[in-house]
Structures are given as structure tokens and as C-alpha cells.
Amino acid sequence: MIENVVEERLNMSEHAKDYAVKRIRTFIFCTAGMAGLLFGLDQGVISGALPFITKEWQLSSQLQEWVVSSMMLGAAAGALFAAFLSANLGRKRSLLVGAFLFIVGSLGSGLAINVSMLVGFRLLLGIAVGIASYTAPLYLAEMAPKESRGKVISGYQLMVTVGILAAFLSDTAFSYSGSWRWMLVIIAIPAFVLICSVFRLPDSPRWLASKGRLNEANRVLQSLHTSKKIAEAEFVDIQEALKEKQAGWALFKANKNVRRAVFLGVMLQAMQQFTGLNIIMYYSPKILSLAGFSSTEDQMIGTVINGLVFVLATFIAVDMVDKSGRKPALKIGFFVMAISMFILGLCLHVLESGNTIWFIPYLSASMAMLCIAGFAMSAGPVVWILCSEIQPLKSRDFGIACSTMTNWISCTIIGASFLTLVDTLGSSVTFWLYGVLNVIFIFLTIYFIPETKNVSLEQIEKNLMRGEKLKNIGC
Ligand code: BGC
């Protein structure tokens with residue numbers, strides 16, 4: 001495909017070249033976005049299916065937890081596996097393996113004949129989610145022009161949120177007939193579309209160059225830029241970055257600057273998860289019922305509204321990250337989340353002490369929404385953007401594997417500890433605790449997080465390796 005594009009472009013007018021570049025970029029961004037959609041679909045689908053599965057197989061609470069958390073465990077393992085795949089076979093083939101596992105996992109879990117089989121296929125789906133969450137942002141960061149890299153990766157996160165909302169709507173549609181198997185199987189359709197599209201993707205020029213396939217790397221770069229000069233300059237910068245002799249773990253051990261980048265990635269993903277967003281997502285029916293909205297209909301409406309808020313607020317990030325930057329988005333987002341967690345905690349405190357003030361349930365539900373909006377416009381997309389930008393090329397796979405695994409491990413810890421925290425500390429104190437964490441994250445952002453808007457990956461790497469402070473590596 002790329003060969004054809006490059007040959008064709010030799011004879012094209014400027015206008016036609018522009019159009020060809022736009023077309024190939026759009027195809028790349030939509031295909032990687034599909035991986036985000038599947039991530040969201042698989043994350044969202046189980047909440048609607050679980051009550052029916054539990055009823056049919058009489059599942060204990062422990063088995064229900066296994067059905068839910070097997071995917072997260074699989075995702076942590078999938079992130080590690082993806083590091084191996086993407087370093088050795090390339091980002092494109094890594095996405096292909098992920099798409100294939102999405103199909104097998106969706107069909108297998110929908111056709112499972114017992115709970116062990118379901119848990120096994122959910123683990124497999126988790127591996128697919130881990131591969132997608134690792135590879136898609138990385139691939140996008142390596143393919144996007146520096147001026148719109150933030151927007152493109154936010155677009156990927158937007159698709160994750162669209163996936164969560166679509167899963168909920170499809171679950172609702174199938175819930176009238178109670179057919180949980182259809183809820184799970186239907187996801188194989190977008191997975192099939194993904195596999196067909198990935199076949200036509202070009203490989204990342206950075207990965208190709210790292211494997212010594214310089215001609216192919218150059219060709220891909222030419223197809224991604226209207227200006228030959230810009231493509232050539234990028235090609236020179238990539239080759240410069242590849243002069244580093246060591247790679248991966250060896251480079252991590254030998255080089256303090258690489259360790260700093262890995263530390264930053266791990267910290268960013270831990271921050272993203274410890275904002276507490278997933279608690280609001282996973283337990284939104286429980287939060288709504290604590291706030292006094294206990295009918296199934298109320299909770300369904302609440303969950304759809306939360307999903308819509310998530311999608312809409314992500315558009316703020318899409319628009320903001322390349323203009324105002326990553327850091328302002330993060331600071332505003334953590335601030336909004338801190339305020340909403342504190343007020344939500346206060347409302348729950350009032351409710352727990354038996355007071356019935358009419359507006360408290362509405363205020364609690366609004367605070368849950370505000371918290372979602374705060375995350376969607378900041379840490380949701382920005383953390384994935386930064387994690388794909390800050391790792392040096394020679395240790396990029398290793399660094400992103402560490403940060404993506406941190407995301408999934410933290411996500412599991414938070415999901416597993418929420419109910420215990422509520423039982424021991426009470427729900428209000430639990431939310432205040434998350435509020436305090438969000439305040440701490442504002443300071444961590446000010447002192448450690450770099451602003452990377454409009455800076456090439458190679459420039460970020462040069463600054464890091466020169467020993468610049470982490471917060472200055474994007475200058
Ligand atoms: C986070 C997930 C979260 C999802 C929601 C992602 O960026 O890593 O933990 O559930 O956003 O859209």
C-alpha cells in the first residue's frame with residue numbers, strides 16, 4: 001500500500017499530495033481508534049451482562065469478582081506481552097494479534113458453557129485489551145505530526161469512552177431478552193473490522209528504522225508528510241536517536257535518564273488510576289443508590305448520562321491539548337476531580353447521618369458527573385499521550401510496558417479495595433481520601449510533569465538524555 005502511495009505521489013500536484021496525506025493519516029488514526037473502541041466495549045460490557053450470568057449459573061460474589069477482574073489481570077499480562085510483540089514484530093503486527101484475540105475472546109466468552117471457561121476467555125480478552133492499550137497510543141504517537149499528536153491520541157481515548165457508552169446501550173438493548181451471550185458475542189463484529197483494517201496499515205517508521213529497515217522507514221515518512229523536507233528532517237532525527245548502543249532493560253540499568261523516564265511514566269499511570277475515576281465508573285449504580293436513586297430505571301438513566309458526559313468532556317481535551325497544552329489540562333482536571341470528590345463525600349456524609357435534604361441526591365449525582373468530566377478532559381487522554389511521548393526510542397517498549405502495567409495493576413488494586421475502604425472508613429471518608437490524592441496530583445504535575453505540546457519525540461529524547469529536569473524535557 002505504502003509503495004503505491006509513494007510512487008503515485010511522485011506525479012501528483014500539491015493539492016492532490018495534500019489530499020493523499022490526509023487520507024492515509026485519517027485511515028491510520030481511525031484504525032488505531034478502533035482498538036480504543038474495543039478497549040472501551042470490553043471494559044463496559046460486563047456490567048450489563050453480569051446480573052444475567054449470575055442468575056443463570058448461581059454465581060457467588062467471589063465468582064462474580066473473578067468474572068470481572070479476570071479481564072484486568074489479563075490486561076496487565078497483555079501489556080507485558082505487547083512489549084515483546086511490538087519490539088520484535090512491530091506495532092502493526094502487535095495490533096493484529098490484539099485484534100485476533102478480541103475475536104477469539106468475544107466469541108469464546110459468549111459461547112462459554114461454564115464459569116471457568118468464561119473466566120478463561122475473559123483473561124484472553126484482557127490480554128487483547130492490554131495489547132490494544134499498549135500498542136495503539138504508542139503507534140499513534142509515532143505516526144502523528146508533532147503539532148497534532150495530542151489531538152490524535154485524545155481521539156483514541158475518545159473512542160475508549162464511546163466504546164464504554166456503546167457497550168452500555170447494547171447491553172440495555174439485549175437486557176429485554178436477557179441474552180447475555182449476545183451482549184458478549186456482538187463485540188466480535190468491530191474486532192473483525194479492526195483486523196481487516198490493520199492489514200492495510202503501514203508500519204511505524206521509528207520501529208522500521210530501529211530494525212535497520214531504513215528505506216521502508218523513509219518511504220512511510222514520505223507518505224505521512226506533504227513536505228519532503230519535513231519527512232527528511234524527521235528521518236535524520238530518528239537515525240540520530242538510534243545511535244544509542246544499548247536498548248531496553250540493559251539501557252534502563254545503565255542510564256539514569258532512562259530510569260527517570262520510566263519513573264515518570266509509572267507515576268503518571270498511577271496518578272491516572274488513583275484519581276478514583278474507575279470507582280465512579282464501576283460503582284456508579286452503588287453511588288447512585290447511596291444517593292437515594294435506587295430504582296433500576298434511575299440507575300440506567302444515570303449511567304447513560306455519565307457515559308455521555310464522558311464522551312462530551314473528552315472533546316474538550318481533543319481541542320485543548322495541542323493548543324493550551326497537556327499541563328494546564330491536567331491541573332484543571334485534578335482540581336475539578338478534587339472538588340467533586342470532596343463535595344460527593346460531604347453529600348454522602350449528610351445522607352449517612354440520616355438527614356434528608358431534598359437536593360442532596362441531585363448534588364451527589366452531579367458531583368459524580370463533574371468528576372467524570374474532570375477526568376475525561378485531563379488525566380484520561382493526557383496520561384496516555386505523555387506516556388507515549390517521554391520514552392527514548394531505544395527503550396520505548398520497555399518504558400511503556402512498565403507504565404501500561406502500572407495502569408492495570410493500579411486499576412485492579414483500586415477496584416478490589418473500594419468496598420473494603422467503604423466498610424472500614426465509610427463512604428464519605430473514602431471519597432475525601434481520593435479528593436486529597438487529587439490535590440497532591442496538582443503539585444506533582446507542577447513539579448514533575450513536562451509540557452510536550454508541539455515538540456518532536458526526538459527533541460524530548462534529546463532533552464531527557466542531556467539530563468534536563470523532568471518538567472523541562474518538553475522545552
Ligand atoms: C483509563 C481506564 C478508564 C478509561 C475510561 C482510560 O484512560 O486508563 O482506566 O477506565 O480511560 O475511559
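Position 1 is the first residue of the sequence; numbering continues from there. Whatever order the structure lists ligands and atoms in, that order sets their numbers, starting from 1.
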(request) Under 4.0 Å from a heavy atom of Ile164: give me the atoms of ligand 1 that qualify, with their elements. (result) 5 (C), 12 (O)

(message) Show the atoms of ligand 1 that are less than 4.0 angstrom away from any heavy atom in Phe310.
(response) 5 (C), 12 (O)

(request) For residues Ser133 and Trp408, report the shortest heavy-atom separation together with the two atoms involved. (result) OG-NE1, 3.2 Å

(request) Would you mind running through ligand 1 and noting each atom that sits below 4.0 Å from a heavy atom of Thr161? (result) 12 (O)

(request) Would you name the heavy atoms of Leu184 and Ser109 that are closest together and state the gap between them? (result) CD1-O, 3.7 Å

(message) For atom 11 (O) of ligand 1, what is the closest protein heavy atom, and at what distance to 0.1 Å?
(response) Gln157 NE2, 3.1 Å

(message) Ignoring hydrogens, what is the shortest heavy-atom contact between Gly150 and Asp322? Give both atom names and the distance.
(response) N-OD1, 3.1 Å

(request) Look at atom 8 (O) of ligand 1 and say which protein heavy atom is nearest, naming residue and atom and giving the distance to 0.1 Å. (result) Gln272 OE1, 2.8 Å

(request) On the 0 to 90° scale, with breaks at 30° and 60°, tag the Trp57-Trp180 ring pair as parallel, tilted or perpendicular. (result) perpendicular

(message) Suppose I only count heavy atoms of Asn407 and a 4.0 Å limit; which atoms of ligand 1 are within that range?
(response) 8 (O)

(message) Give the atom numbers and elements of ligand 1 that come within less than 4.0 Å of a heavy atom of Trp384.
(response) 6 (C), 7 (O), 8 (O)

(request) Any chance you could lay out the side-chain contact (heavy atoms from CB on, under 4.5 Å) test for Glu389 and Val455, step after step, and finish with the verdict? (result) CA-CA 10 Å; Glu389 294 176 328; Val455 187; over 6 Å; no

(message) With a cutoff of 4.0 Å, is Gln273 in contact with ligand 1, counting heavy atoms of the residue only?
(response) yes

(request) Could you check if a side-chain atom of Leu125 sits within less than 4.5 angstrom of a side-chain atom of Leu101, using non-hydrogen atoms only? (result) no

(request) Report the C-alpha distance between Glu142 and Ser204 in whole Å, list the side-chain angles of each, state the deciding distance to 0.1 Å, and finish with yes or no for side chain to side chain donor-acceptor pair (under 3.5 Å). (result) CA-CA 6 Å; Glu142 292 189 335; Ser204 150; 2.6 Å; yes

(request) Show which atoms of ligand 1 fall inside a sub-4.0 Å distance from at least one heavy-atom site of Gly380. (result) 7 (O)

(request) List every atom of ligand 1 that sits less than 4.0 Å from any heavy atom of Val160, numbering the atoms from 1 in the order shown and giving each element. (result) 12 (O)

(request) Can you pull out the closest protein heavy atom to atom 10 (O) of ligand 1? Residue, atom name and distance to 0.1 Å, please. (result) Asn278 OD1, 2.7 Å

(request) Give the minimum heavy-atom separation between Phe342 and Val436, together with the two atoms involved. (result) CZ-N, 3.6 Å

